[in-house]
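Okay, structure first, notes after.
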There are 2 protein chains.
Amino acid sequence: MAQSPKIDDTDRRILRELRRDGRLSNAKLAEQVGLSATPCWNRVRALEESGVIEGYAALLNQKALGLPDTVLIEVTLERHDDDMLYRFGKALAELPEVMEAYLLTGEYDYLIKVAVAGTQGYEEFLRHKLYKLPGLRHSRSTFVLRTLKRETSVEP
Amino acid sequence: MAQSPKIDDTDRRILRELRRDGRLSNAKLAEQVGLSATPCWNRVRALEESGVIEGYAALLNQKALGLPDTVLIEVTLERHDDDMLYRFGKALAELPEVMEAYLLTGEYDYLIKVAVAGTQGYEEFLRHKLYKLPGLRHSRSTFVLRTLKRETSVEP
DNA sequence: CTTGAAAGTACGTGGGC
DNA sequence: GCCCACGTACTTTCAAG
């Protein structure tokens, strides 16, 4: 996790390939980007060690895991002191249904993305999870009708 | 991409490990979940073929790639006929800065998550990209102050 | 589910352009 | 920087028991 000095064009091509397929073997990756195995492997390693590559993950199908629906919820707190923001944010992040959670500018709110099973799962999440968190003032939910794009990372 | 019939406890453990580390070797994975190599590999393959595992990806550091900031933008269209919704959504998804794009319930809007470099990059995105899309009526942006959680998939 | 065996891969080392 | 070649240990992948 040192510095990440210069990322050249070849690095970007490596990143592009590994973002598409995180299990590419070094041999195939080298072929794709037009290097031989050794320098390619050295670059991948450097990208990992400098933290440009943060890790690798299997991408799982939400539907197959029984949580087909996605809800975006804007959350407003009663108070906005540092302690409150920290503790509430931590509690949000610990809920397994919450896939993403962001602290936002503006009125010091959160936006969270939640995976649920239908309106019933949504109601259960609200009543048994979100509404039990102390300090919540208000929430406003929107169901996702269609996911048009969902990238794991920015485009290299 | 056939059906995904029953996912048992062992499958879930496999998925949990592979979500954490998508490059785990089958040998180590088998050890982690308490199987020997072959049955473990058969399960992984079945999970891949049934679409439960959608793929594997390297996770890239947004900051290292020069787009350290994230903006959430609510987008409202002028008209909401099917053709418009489809074409606008497609145009949104094609912008490389857009990492996620959702079509929402309510007033038939989009929410997009965009990676930019500071307020300057944000302004450029608005002027040169978003505002050039035909049919846009209104947009409302919020900067992300802190990312509290960002999972690639739902928890298995 | 286990064992086994062939092919491929990772990862290092050392030489050379 | 890059390529090439070699080497060991590990992994994948597929039999067959």
Side-chain angles (χ1 to χ4, degrees), chain A residues 1-61 64-66 152-156, chain B residues 1-67 152-153 155-156:
Chain A
M1 280 275 204
Q3 282 295 352
S4 42
K6 318 147 225 308
I7 296 174
D8 65 14
D9 248 39
T10 310
D11 287 331
R12 292 196 122 85
R13 292 176 66 189
I14 288 174
L15 295 172
R16 226 167 286 145
E17 294 302 320
L18 286 178
R19 194 179 69 140
R20 264 194 336 112
D21 180 2
R23 296 208 76 152
L24 260 184
S25 76
N26 184 63
K28 278 181 198 144
L29 176 61
E31 194 190 346
Q32 297 274 341
V33 301
L35 286 177
S36 68
T38 310
C40 181
W41 186 80
N42 285 333
R43 279 169 183 267
V44 172
R45 202 189 187 198
L47 290 166
E48 286 171 358
E49 277 170 10
S50 67
V52 180
I53 296 177
E54 294 179 333
Y56 301 88
L59 307 176
L60 309 182
N61 185 303
L65 292 168
T152 52
S153 316
V154 77
E155 187 166 302
Chain B
M1 281 277 201
Q3 281 296 351
S4 44
K6 317 146 225 308
I7 296 173
D8 65 14
D9 249 39
T10 310
D11 287 331
R12 291 196 123 84
R13 292 175 66 190
I14 289 174
L15 294 173
R16 226 168 285 146
E17 294 302 321
L18 287 179
R19 194 179 68 140
R20 264 192 339 111
D21 180 2
R23 294 209 79 151
L24 259 185
S25 73
N26 184 64
K28 278 181 199 144
L29 175 61
E31 195 189 346
Q32 298 272 342
V33 302
L35 287 177
S36 67
T38 309
C40 182
W41 187 80
N42 285 332
R43 279 169 184 268
V44 172
R45 200 189 187 199
L47 289 166
E48 286 171 357
E49 279 171 8
S50 67
V52 179
I53 296 177
E54 294 179 334
Y56 300 88
L59 307 176
L60 310 182
N61 186 304
Q62 193 170 330
K63 204 166 164 182
L65 292 169
L67 299 170
T152 52
S153 317
E155 189 166 300

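Order of the sequence lines fixes the chain letters, A, B, ..., with proteins taken first and strands second; residue numbering starts at 1 for each chain.
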(request) Using a strict cut-off of less than 4.0 Å between a Lys/Arg side-chain nitrogen and an Asp/Glu carboxylate oxygen, indicate whether Arg45(A) and Glu49(A) qualify as a salt bridge. (result) yes
(request) Give a yes or no on whether the backbone of Ala37(A) and the side-chain of Asn26(A) come within a donor-acceptor separation of less than 3.5 Å. (result) yes
(request) Quickly work out the Leu18(B) CG to dT12(D) P distance and round it to whole Å. (result) 11 Å
(request) Nearest-nucleotide wise, let me know which of Thr38(A) and Thr38(B) is further upstream toward the 5' end of DNA chain D. (result) Thr38(A)
(request) Give a yes or no on whether a salt bridge exists between Asp8(B) and Arg43(B), defined as a side-chain N under 4.0 angstrom from a carboxylate O. (result) yes
(request) Take atom CD of Glu48(A) and atom C1' of dA10(C), then tell me their distance rounded to the nearest Å. (result) 12 Å
(request) To the nearest Å, give me how far apart CG (Leu35(B)) and P (dC1(C)) are. (result) 6 Å
(request) Please report, rounded to the nearest Å, how far the P atom of dT9(C) is from the CG atom of Asn26(B). (result) 16 Å
(request) For Glu31(A) and dT9(C), give me the distance from atom CD to atom C1', rounded to whole Å. (result) 14 Å
(request) Can you check whether any acceptor in the base of dT12(D) is under 3.5 Å from a donor in the side chain of Ser25(B), or vice versa? (result) no
(request) Could you tell me the separation between the CZ atom of Arg43(B) and the P atom of dT2(C), rounded to a whole number of Å? (result) 12 Å
(request) Would you classify Pro39(A) as touching base, sugar-phosphate or nothing, given that sugar-phosphate means primed atoms plus P, OP1 and OP2, and contacts are heavy atoms under 4.0 Å? (result) sugar-phosphate
(message) I need the NZ-P distance between Lys28(B) and dC10(D), as an integer number of Å.
(response) 10 Å
(request) Rounded to the nearest angstrom, tell me the gap between atom CH2 in Trp41(B) and atom P in dT2(C). (result) 17 Å
(request) Answer yes when Glu31(A) and Lys28(A) have at least one side-chain N-carboxylate O distance shorter than 4.0 Å, and no when they do not. (result) no
(message) If you only use heavy atoms from C-beta on, which nucleotide in dG12(C), dC1(C), dT2(C) is closest to the side chain of Arg45(A)?
(response) dG12(C)
